[in-house]
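Notes follow once the structure below has been shown.
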Amino acid sequence: MAHLGGVAAVTSLVLYLLWRVAFSLPTAPADQATAWALLVFETLPLPGMIMNTVAWWNLDSSAPPTDGAGLGLKVVVLIPTYNEPAEVLAPTIAAACALTPAHETWVLDDGDRGWAADLSRAYGARYVRRDEHRHAKAGNINHALGLMEREAAAGAEAVDVVAVLDCDHVPLPSFLSGTLGWFADPEIALVQGPQTFYNGGAFDDDGITGEQGLFFNVQMRARNAAGAGPFWCGSTALLRVEALREVGGVATETITEDMHTTLKLIRRGWKTVYHHQTLALGLAPATPGQYLLQRRRWGLGAMQILTLEKLWAAKRWMSWRNFHEYFNGTLWWLEGVATVGAFAVPALALASGAQTSTADPLVFAAIFAAAFTVRLWGAKLLMRRQIQWPTAFALRVFRIPVGLACLWWLVTRRSLEFEVTPKGAEGSRARGSSRRSSSRSCSWSRGSSSGPAPDWRGWCRGGRPRPRRRRRGPGYCCPSCCSSSVPRGSGPRSSPRRGATPTG
Amino acid sequence: MVCAPVTVGGAPGTLVDISVGGARVSLPAETPPPAGEVTVTLAGAEPVVLEVVSASEGLGGPRTVSLKVRPGDWAAYRVLSLWLFHTPAGAVPGLGPGVPAVACTARATGPAARGSDAAPARGATLPSVP
């Protein structure tokens, strides 16, 4: 039925457009110009519909080829945190420490909280902090990676894989045991799992918006194909340390470090996979304000990647599918502009007084309604019913400011500040800067617990030389997906500091 | 709502709600109201000491007790967290193997939930099981 739906949606639009051209266009030059302008506007969704029908034709949910326990990988679970209360942090650390196979759990605290250190040690996790809190979560993880490298250089066992969990994403028992097997393939750099939320009733839980369901149940599964590997969504993911070293650590040039890092990985020929099994449970944005804040950050980060990587230009290392996924995926964040156009263009055509159709109004309305209904029906089938149109339309209007902010950023190219979705911090919003410059600074630097920091290039030098492979990797748009609910906790907190690790 | 057997101070009861920071338990009316700190044992988990926040009178019906983790008691946080997310097999009747208790989404509807102190005590159920 999904295939039928995709074909029906495309066909209905094509037939409608053909009818418009063949039977309803006016003949007067002035009217014709306006009618054609309207028609071109109505045609705009067609390329996207065709691409989505092709891209979402097949979904894949394969299991890893082998059991990861036998691979002998040294694994460290990283939990970056900043200002979240104990009620949020404790279950994540406790569950991470209880995972199998044997591993280490590191709590990366950018909040320098004494109770977090006590909590970590009580659960058997390692507590890591840094003196300089630059580049937010990316910098925090890079600091840990630098620490690992220095310790390995000093004789400690080298870490093969890091598993990254946002501090509110509590891992289920299968988080490591079910996913490590993917790393039997030496070309795989990233294993991304779905993000599932347990605070039902939150503004952005799966049942209301349908966004997360569509993204993780359809789009990401559809990308488990050659040349279309999924991207890192910030949490519930495992990364090969060697690959991270090769690309200089986690990207810090943009505020969507996860997607940007993935782009760097596929540029180097690494592969990524999506593991479609619930591996962790997190907290979704609880309020409309948190939702918009999060989406705005994702959108602006996508704009940064779009311009920094010049995604509109074809690249030798990028498959056609990844080109589509990344380019159209980042452009998607301008949908708010298109939404304004969807209201404004017909209104302007109407206000102009021009005749845009020669068809009888009732006939026009009937044909338009029929075509539109078939489009919605078919698209829903193609999306495997993971969308609720009334909510989707409402959210689309709600997200108009996000699209306009993205457009404004493209015009101004101003420096962006990392705006953290409050997560147990009672509205105290942390900010850290992420400059638009493409130059990388030493982001993990100078941690007190780790001695002198290496130059960032050390990562590149540290990795073994890799031959370039066929381009494989992720694409699409939907941004890094984190969560950010604010349960009212009573645990100890510290005040937020500029530049510390946001995890939402 | 999570319905599961539990003991409070040695008395058998039924779990009504639970979170990382506390729990709400329904006890038979004839059970003396607990006070202060009590040992709570969830099915398949280690016993934990929780602080009683409130206890209903239980006139003619079950008594509902709200409990919370003592400040800084990381061990109790750990036990409740693992019970919620790494739920022992068979701990919650009707819950399939491998399904965490936190996945229970039904709202409490029983007498205990409608009782005068059905609302979770401050700090007792955070983040609450949805």
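Note on naming: letters A, B, ... go to the chains in the order of the sequence lines (proteins, then strands), and numbering restarts at 1 for each one.
Other residues, nucleotides and ligands contribute only 12 or fewer heavy atoms inside 6.0 Å of the CD atom of B:Glu46. No more than 12 heavy atoms of other residues, nucleotides or ligands shown are found within 6.0 angstrom of CZ on A:Arg385.
Comparing A:Pro173, A:Ala90, A:Ala122, A:Ser174 by heavy-atom pairs within less than 4.5 Å of chain B, the highest count is held by A:Pro173. Comparing B:Leu82, B:Val79, B:Thr87, B:Leu80 by heavy-atom pairs within less than 4.5 Å of chain A, the highest count is held by B:Leu82.
Of all residues spanning residues 94-106 of chain A, those with a heavy atom less than 4.5 Å away from chain B's heavy atoms are A:Ala94, A:Ala95, A:Ala98, A:Leu99, arranged by number.
B:Pro100 places a side-chain heavy atom less than 4.5 Å from the side chain of A:Leu172.
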Give the table of side-chain donor-acceptor pairs shorter than 3.5 Å for residues 7-15 of chain B, with sequence neighbours excluded, one pair per line with atom names and distance.
none

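Remark: aromatic rings of A:Tyr198 and B:Phe85 are close, center separation under 6.0 Å.
Taking both residues in full, the closest heavy atoms of B:Tyr77 and A:Glu87 are given as OH-OE2, 3.4 Å, listed atom of the first, atom of the second, then distance.
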